[in-house]
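Chain naming here is simple, since letters A, B, ... match the order of the sequence lines and numbering starts at 1 in each. None of the values given here were measured: they were computed from a predicted structure.
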Amino acid sequence: MAEATKGTESYAAWEGPIFEAWMAHGYFQRSQGFGDHGAEPYTIVIPPPNVTGVLHMGHALNDTIQDACIRRARMRGFQTRWILGTDHAGIATQTKVDKRLAEQGINRREIGREAFVQECQKWRDEYGTTIVNQIKAMGCSCDYAHEQFTMSPEFSLAVRRLFVDWYHEGIIYRGKRIVNWCPHCTTAIADDEAEYADEAGHLWHLRYPLEHPQEGCEYVVVATTRPETMLGDTGVAVSPSDERYADLVGQNVILPLVDRTIPIFADFHVDAEYGTGAVKVTPAHDANDHAMGQRAGLDTINIFDETAHVVEGFGRFSGMSRDEARDAVVAAFDELGLLDHIEDISHSVMHCYRCHNALEPWLSEQWFVDVSRLKAPAREAVESGQVRFHPERWAQVYLDWLENLKDWCISRQLWWGHRIPVFFCDACGWTDALLEDVEACPVCGKPVRQDEDVLDTWFSSQLWPFATQGWGELGADAPDLQAFYPTQVLSTARDIMGLWVARMVMASEYCMGQIPFQDVIIHPTVMGADGKPMSKSRGNGIDPMELMAAFGADGMRFGLISQVTGSQAMRFDQQRIESARNFANKIKNAARFVMLNMDGFTPGPPEAKTDADRWIFSRLARAVRAVDAAYDAFEFSAMAQELYTFIWNELCDWYIEFSKARLKSDDAADRLACQRNLRFVLDQTLRLLHPVMPFITESIYADLPHEADDAEMLIVAPWPDAEALSAFEDAQAERRIQAVISVVGAVRSARSRYGLSPKQELAVTVKAEEGLAQLICAQEALISSLAVASSVSAAPDAVKPEGAVAGILSDMEVYTDMAGLVDFAEERAKLAREQAKVKKDLEKLEKKLSNPGFLAKAAPEIIAKDTAKRDDLAGQLEKLDAQLAQM
RNA sequence: GGUCGCGUGGCGCAGCGGGAGCGCAGGUGCCUUACAAGCACAAGGUCGCAGGUUCAAAUCCUGCCGCGACCACCA
């Protein structure tokens, strides 16, 4: 990084004060709006980062997108608000705090619930602000003054309200089910939170002796990947269509080690093709087995405690961990001669998405959300086009997710989170979900107890768009919600499409009776340089803070957003960030040039005095239109590309160069016009660029001379008005300046081929038809200054001077006098190469144009275009032929 | 198993029915008083493979090969 920081002590040093100034002016709080959009709101809610987190590339990208949107909206005069806050992240935070306590030799059970929650609170106070500070370093214009938190009192009220509502509506219910249990976190987790990974494993083939052995058939062989669970087996299932076992259905086997008599039965779930076709059934430890067990009326025997150790009652196996039990069971079968054989297989294993330990399907009493009533409105919201995805194809992913949605397990056996507001009276059996805590039973007056569990973090996250705006206390009538709901944009990563996006829509439809947001931007996932997702364990991650230190917040922002295409993944490319940093530098230098040439400047409107002026105004108008279109379509890469090309290749490469002579001239009026025009174009450009590069643009804006009624800071300066600027569009001027650029290019090319010094002046003669020749003569000053020409002449009958080289363009020939240095053989070869290429292109076109099918069916404008091009090439070929003949 | 995405110059990517483009790297020449993190000029690709549709295919369809994501499931 040392190389990268060359010439810049620290970006933060000059970025910081600009950020402070924005904050001090209160621009980040809900803006009052101005101009045409004064009354219209524009709200974004940030996906709340976890309090455990630090900023990673995904945040950096996502927050750049949101800030660009909100800044543009602010400049366009909307009332903007970007709601910021953090998520308490129940299981993630609890895991971290557990780990920290463990380092001090403390177990959370020793200190108890209350003390542990306090530790979590302490953690939040210490780390909860880290990521917010990092978001500030990026320059994000969030409403920091009203920071939200998913466990604030207001938010907790909202969560409780929804729980109580759903409880009374029967949407929330309690049930004993097989859930994904994490024995490390000792909690249930939702299906969405389980991660599958393929692992090498074994398929153990175990012999279960028949209760009544027959000749040649003494046992049934079952295949299992989890031999330890045989302790809880209560049946053996076979496929109803499997003839091999038809005679055995209805008989019993004696379960080894525990001497339990269990039935053999048929169930459609069994696949006769897999394993031995006979399946051991453990209803307490497998979801499918549980279902089979229910159908067959089997007992359910729980063999594991909450940490996946074998419970009492299983002799020497009791107290063993699941791994120890596995080894012991297999060894015991082997000893008894009941281990048939072992097969190596690869199978997928569920892991906890937080601690990555293997999950245990475990039967337990949990709270669920019945999603059947919530699905339809959420589907309708997207199918009707009220909620739009960008890119569109993500709508299908969303709908598929909804379609396959099953009831949602929302209880977690954790301490850090929203405690389930259900109270029980053990004395009389009274149970209810309540908004206010109670101590005594309202029926019998005996003491009550509250449910020990807390809610899934996503249960609170689903309320984020409206609980942050007063729903908890005032419901949908809250003034903010009346005025600023639904929000406009949600930008997020695709991996939480179901976990978060869909649930917000469901919750919003229920609570608010409407959608939570209109446009959902699904941005690409940032991959490491190796093309794999960035992760700590892989070591391919990049710290955004380091990037900002090296390339500036603007460089990082522009570099990242310029890679946001419709793709699902983007490989992180530091060179792109460097390139963006260079771009920022380019603008700074262009601005410096303008500022250094302000002698005698007085404010005034832009004035198109020359073709160069008309040209840059026209190009500016086009750029504004293109940038607007790209933003409106959420095409961020196209937006960045427009800005880059306009600023670098048009404004800097040509207009500033055109301006140099005028700024040195004695014509004070023209100099002033040029100054005003430069200031105007730069000012408009800064506005256009500000949403993605807020710091450098704000910094330059501060140095520019301003009119009295200009905005105090760029962040609230009006966005360029494409409609007003469209008056500047000028095809004539574009054509004229294109001619200048062509001539200059031809001369430069000639000079470069002969290795002449850029300082050596050369005489330039152009042969072109009358109108174009006059035009070129009129632009003599521009051409000679940029091409370093001693003279420029143009005429329809111009003759190539002795010792000149010819550049053949479609509408002109440019003769550059090489002062006797011409290598005729070399020139001939070059012209011949060009001739061959033009000939080839021409032949292709002529073939196309003589194709009757093409003439009959192609669009007229295509035919016209190709015809013009054919004529063009024919003209060029003629000129090349003539030149070659002459030599 | 299902759904989706991607294979374009050395690298990273855009374009997605009518002229193959951008950034970076590499080449040549320039410290031209805005900028060497720069300027100028040149070079580099039969757009994964095979079919098909079309007057016309990098672009649409089908199949194959190679990556990748998500969902489901595996006793």
Give me the ring orientation class for Phe558(A) and Phe583(A): parallel if the planes are under 30° apart, tilted from 30 to 60°, perpendicular past 60°.
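Tilted, since the angle between the ring planes falls between 30° and 60°.
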Under 3.5 Å, sequence neighbours excluded: what are the donor-acceptor pairs made by side chains of residues 548-556 of chain A?
residue: Asp554(A); atom: OD1; partner: Phe695(A); partner atom: N; Å: 3.1
residue: Asp554(A); atom: OD2; partner: Phe695(A); partner atom: N; Å: 3.4
residue: Asp554(A); atom: OD2; partner: Ile696(A); partner atom: N; Å: 2.6

Mind listing the N/O atom pairs, protein and nucleotides 69-72 of chain B, below 3.5 Å?
residue: A69(B); atom: O2'; partner: Arg494(A); partner atom: NH1; Å: 2.1

Whole angstroms only, please: what is the [atom1]-[atom2] distance between [X] and [N]?
X: Lys586(A); N: A36(B); atom1: NZ; atom2: C1'; answer: 11 Å
X: Asp653(A); N: C39(B); atom1: CG; atom2: P; answer: 6 Å
X: Tyr655(A); N: C39(B); atom1: OH; atom2: C1'; answer: 21 Å
X: Lys759(A); N: C30(B); atom1: NZ; atom2: C1'; answer: 9 Å
X: Lys830(A); N: A42(B); atom1: NZ; atom2: P; answer: 9 Å
X: Leu678(A); N: C35(B); atom1: CG; atom2: P; answer: 16 Å
X: Asn589(A); N: U33(B); atom1: CG; atom2: P; answer: 14 Å

Can you sort out the partners of Asp289(A) under side-chain hydrogen bond (donor to acceptor under 3.5 Å, both in side chains), two or more places apart, ordered by chain and number?
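Partners of Asp289(A) under the side-chain hydrogen bond (donor to acceptor under 3.5 Å, both in side chains) test: none.
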Does U33(B) have its OP1 or OP2 closer than 4.0 Å to a side-chain nitrogen or oxygen of Lys664(A)?
no
Identify, with sequence neighbours excluded, every residue that meets side-chain contact (heavy atoms from CB on, under 4.5 Å) alongside Arg833(A).
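Expected list: Glu826(A), Ala829(A), Lys830(A).
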Sugar-phosphate atoms are those with a prime plus P, OP1 and OP2; base atoms are the rest. Using that split, label each nucleotide of nucleotides 12-24 of chain B B, S or - for protein heavy atoms under 4.0 Å, 5' to 3'.
BSS---BS--SSS
For [X], salt bridge (charged side-chain N to carboxylate O under 4.0 Å, His left out) partners two or more places apart:
X: Arg753(A); result: Glu827(A)
X: Asp841(A); result: Lys837(A)
X: Glu403(A); result: Arg379(A)

Using atom types as modelled and distance alone, determine if a side-chain donor or acceptor of Arg748(A) lies under 3.5 Å from a backbone N or O of Val743(A).
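It does not hold such a pair.
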Pairwise [atom1] distance, [M] and [N] [rounded to whole Å]:
N: U53(B); M: U62(B); atom1: P; value: 15 Å
N: G19(B); M: G66(B); atom1: C1'; value: 32 Å
N: A36(B); M: G68(B); atom1: P; value: 43 Å
N: G15(B); M: G7(B); atom1: P; value: 9 Å

Contiguous Watson-Crick or G-U pair runs (3 or more, under 3.5 Å) in RNA chain B:
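Stem segments, range with range: B:1-7 with B:65-71, B:10-13 with B:21-24, B:27-30 with B:38-41, B:48-52 with B:60-64.
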Please report, to 0.1 Å, the donor-acceptor pairs under 3.5 Å made by any side chain of residues 852-871 of chain A, with sequence neighbours excluded.
residue: Asp866(A); atom: OD2; partner: Lys848(A); partner atom: NZ; Å: 3.0
residue: Thr867(A); atom: OG1; partner: Ile863(A); partner atom: O; Å: 2.6

For residues 222-237 of chain A, the side-chain hydrogen bond (donor to acceptor under 3.5 Å, both in side chains) pairs (sequence neighbours left out) are Tyr208(A)-Asp233(A), Arg226(A)-Glu228(A), Arg226(A)-Glu360(A), Glu228(A)-Arg326(A), Thr229(A)-Lys280(A), Asp233(A)-Lys280(A), Asp233(A)-Thr282(A)
Selection residues 646-657 of chain A - residue pairs positive for salt bridge (Lys or Arg N to Asp or Glu O under 4.0 Å), sequence neighbours left out:
Arg619(A)-Glu650(A), Arg622(A)-Glu650(A), Glu657(A)-Lys660(A)
